[in-house]
K.L.:
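Submitted below is the structure of interest, expressed as structure tokens.
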There are 2 protein chains.
Amino acid sequence: MKEGKPATIKEIAKRLKISPSTVSRALNDHPSIGLVTTMRVKKVAAELNYEPNQTAIFFKQRKTFTIGVVLPSLSEPFFSAAISEIENVAHEEQYTVIMGQSLDDPERELRILQTLKTHRVDGILMSIGKNTRDYRFIDLLESAGIPIVFFDCVPDLDNINKVMSELETGMLEAIDIFVSCGHHAISLINGPELLPASIERKNAYIKGLQKNNIPYREEYIVHTDLTPEGNEAAILQLLALPDRPSAVVSFNDYVALDVMMTVRQRGLTLNQDIHFISYANYPLWKYMENPPMASIEQFPGDQGRKAAALLFDLIKTPGRKEPVKVVFNSRLINQV
Amino acid sequence: MKEGKPATIKEIAKRLKISPSTVSRALNDHPSIGLVTTMRVKKVAAELNYEPNQTAIFFKQRKTFTIGVVLPSLSEPFFSAAISEIENVAHEEQYTVIMGQSLDDPERELRILQTLKTHRVDGILMSIGKNTRDYRFIDLLESAGIPIVFFDCVPDLDNINKVMSELETGMLEAIDIFVSCGHHAISLINGPELLPASIERKNAYIKGLQKNNIPYREEYIVHTDLTPEGNEAAILQLLALPDRPSAVVSFNDYVALDVMMTVRQRGLTLNQDIHFISYANYPLWKYMENPPMASIEQFPGDQGRKAAALLFDLIKTPGRKEPVKVVFNSRLINQV
DNA sequence: CTGTTAGCGCATTCAT
DNA sequence: ATGAATGCGCTAACAG
């Protein structure tokens, strides 16, 4: 029984010689429809292989049961962990997920948002790209009535919903651990100097030193543009210092991977000559022979899950609310 | 200027005192509309902040400019690499991507497909889960007129479009390399015995041995259920053999990670006492101190890209075509 | 409990 | 070159 055109409500109404609206109501288990008619309708619907035309429903209901997710990258483990959890939450809520990766290109990011808007998604989850400076899109979405929740990489604004990992706790823990292991020469390999995430790390780093009465030495902070070459240059800069650090906190795991490889290649022994702790975005250290001493975990899955939950909250109760800000504590794990 | 309700074609028609149909045509650069009117329409449209209601267009055109992607997992590097490329192709084609992860659960897989169907996606890309046995959904989608292209993990059927990586070439290369390095005791840590992917590996393995005149020894093939415990059990089984293998091909990188860790823990030296090559689905070996000798690469990104291209081909020229089968050669890389 | 009517926003056929 | 009319499939307000 090939269904050339999918059956519509009209056809099943004609078959039963009742009105389309009755059919519609029966199909939706409307209370005011008799049990018998409801059953008859459903029976014929099944026979005709009826399937509601969602595009029509979306159109009529002004609702798509779809959320949009905008991320810098889909292939980075941090984000794929996040989106995996987001998909899970959406699936529980009977929503579907439509997504785009900005690749840190602000223009592409905007185009994706535009697409999501024209697709009339019911809400958006977003982690902004490294180079995004223009936040005007937020007002546009707001005036279009599309709620948006930022997570992980969030704009530095107050009147938005965001879920993020606070970077300080983990940094303080890391420095404490280093100190308690006898290190005083503690470095920070930071990201691009102007990135909010870098600034936060730097402040936490300085605070951690102060807390342990270790003088802050400017040359112990180096910067990388997060490319492999930049990472290598950063560590070499540290290694070239007259009193090179014995402990290093690195911007994230990718930086740590490059940096640790370079260190090995220079003949130094990891976890002996020099020790590392990094902000985690990469889960497989346990397989390494010489992993970092510890990682500062940022829980991408939890962030994604929480952000999604928040978004569904906004979707379901659209009343203008106070912006919500959820901060996860970063935490040291995998201590060896 | 808050736009309470987004502007519609009607309103801009009223403003200009022309008919909605003219506006519609003007907006779509219909040739039969005068240049002046077109411009006036566009101007007012811009002023009113007009945006076409895609849900209405989808409904009317019976086309959503959306493709669905169904994968076992979004957080596995292999698949996130694939979906990242898929998103890229879709973005080029001005399509959006809606996706779901089956988590290898056939029921969830079906529910996702159902959702994609009711969402009226224009086409589907799919990599099936490990436990999927029932392929009837293919006919359902076909009769609904939704083209589908399988990739990576594809059903063993002839009349479908598929993009896959053939596993033999890489296995033969791997065994050749092992032999040329002087190994004769070459093992295979295979996946679940009945998995098509396992069977293919096994056949290739045997063929590779024959080619090199090495007798096939049944005890040199062990199986894992792909859990960490299963992986560990598998390698221990090999290590316990009277003449334990000096070279091992493993089902994939995750298996390799576990078994190599176990091997280390037992005091053996990697790349000395025992050597590994694995099917790649994990890209960061270069950072390991003792990576496998080589990896058999399956090019997830290329597969995704090709599958997407194929799908758009089907979407654009809907004529019933012969099913297409694209096979990528697996290839040995990262030889140390 | 059920039928009638209307309309969501747009593209399109048929007029003019 | 433009307008009027129609309908996509469905839901819902308003009758009865």
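Here the structure is a predicted model, which is why all the values come from computation and not from measurement. Residue numbering restarts at 1 for every chain, and letters A, B, ... go by the order of the sequence lines.
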K.L.:
Base, sugar-phosphate alone, or nothing: which one does A:T37 contact when heavy atoms must sit under 4.0 Å apart?
P.N.:
sugar-phosphate
K.L.:
Quiz question: going by heavy-atom distance under 3.5 Å, is there a donor-acceptor pair between the base of D:dG9 and the side chain of B:R62?
P.N.:
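Such a pair does not exist between side chain and base.
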K.L.:
So does B:K63 have more than 12 non-hydrogen atoms from other groups sitting under 6.0 Å from NZ?
P.N.:
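More than 12 heavy atoms, drawn from other residues, nucleotides or ligands, come within 6.0 Å of this atom.
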K.L.:
Nearest 0.5 Å, please: how far is OH in B:Y95 from CG in B:L311?
P.N.:
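One gets 8.5 Å once the value is rounded to the nearest 0.5 Å.
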K.L.:
Over how many whole Å does the gap from B:Y50 atom OH to C:dG9 atom C1' extend?
P.N.:
8 Å
K.L.:
Using a heavy-atom cut-off of 4.0 Å across all strands, would you classify B:F58 as base, sugar-phosphate, or nothing?
P.N.:
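Nothing, no nucleic acid heavy atom in range.
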K.L.:
For a quick test of reading the model: is some side-chain N or O of B:N28 closer than 4.0 Å to OP1 or OP2 of C:dA11?
P.N.:
yes
K.L.:
Within the pair B:K10 and C:dC8, is there a side-chain N or O less than 4.0 Å away from OP1 or OP2?
P.N.:
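Yes, within the criterion.
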K.L.:
With distance as the sole criterion, do the side chain of B:R25 and the base of C:dT13 form a donor-acceptor contact below 3.5 Å?
P.N.:
yes
K.L.:
Report yes if at least one side-chain N or O of B:S19 is closer than 4.0 Å to OP1 or OP2 of D:dG3; otherwise report no.
P.N.:
yes
K.L.:
Mind checking whether A:F151 and A:F79 have parallel, tilted or perpendicular rings, split at 30° and 60°?
P.N.:
perpendicular
K.L.:
State whether B:T22 places a side-chain N or O below 4.0 Å from either non-bridging phosphate oxygen (OP1 or OP2) of D:dG3.
P.N.:
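Indeed, a polar side-chain atom of B:T22 lies that close.
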K.L.:
Does A:S24 reach a base, just sugar-phosphate, or nothing at all? Heavy atoms under 4.0 Å.
P.N.:
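Base contact.
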K.L.:
Would you please indicate yes or no on a ring centroid separation below 6.0 angstrom for B:F58 and A:H119?
P.N.:
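Yes, they do, as the ring centres are separated by less than 6.0 Å.
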K.L.:
Suppose we call a contact any N or O donor and acceptor under 3.5 Å apart; does that hold for the side chain of B:S21 and the base of D:dA4?
P.N.:
yes
K.L.:
Going by 5.5 Å between centroids and 30° between planes, is there a stack of B:F59 over D:dC8?
P.N.:
yes
K.L.:
Take the protein atom CG of A:L27 and the nucleotide atom P of C:dT2, then report the distance between them rounded to whole Å.
P.N.:
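Between P of C:dT2 and CG of A:L27: 14 Å.
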K.L.:
Mind checking if B:P52 touches a base, just sugar-phosphate, or nothing, with heavy atoms under 4.0 Å?
P.N.:
sugar-phosphate
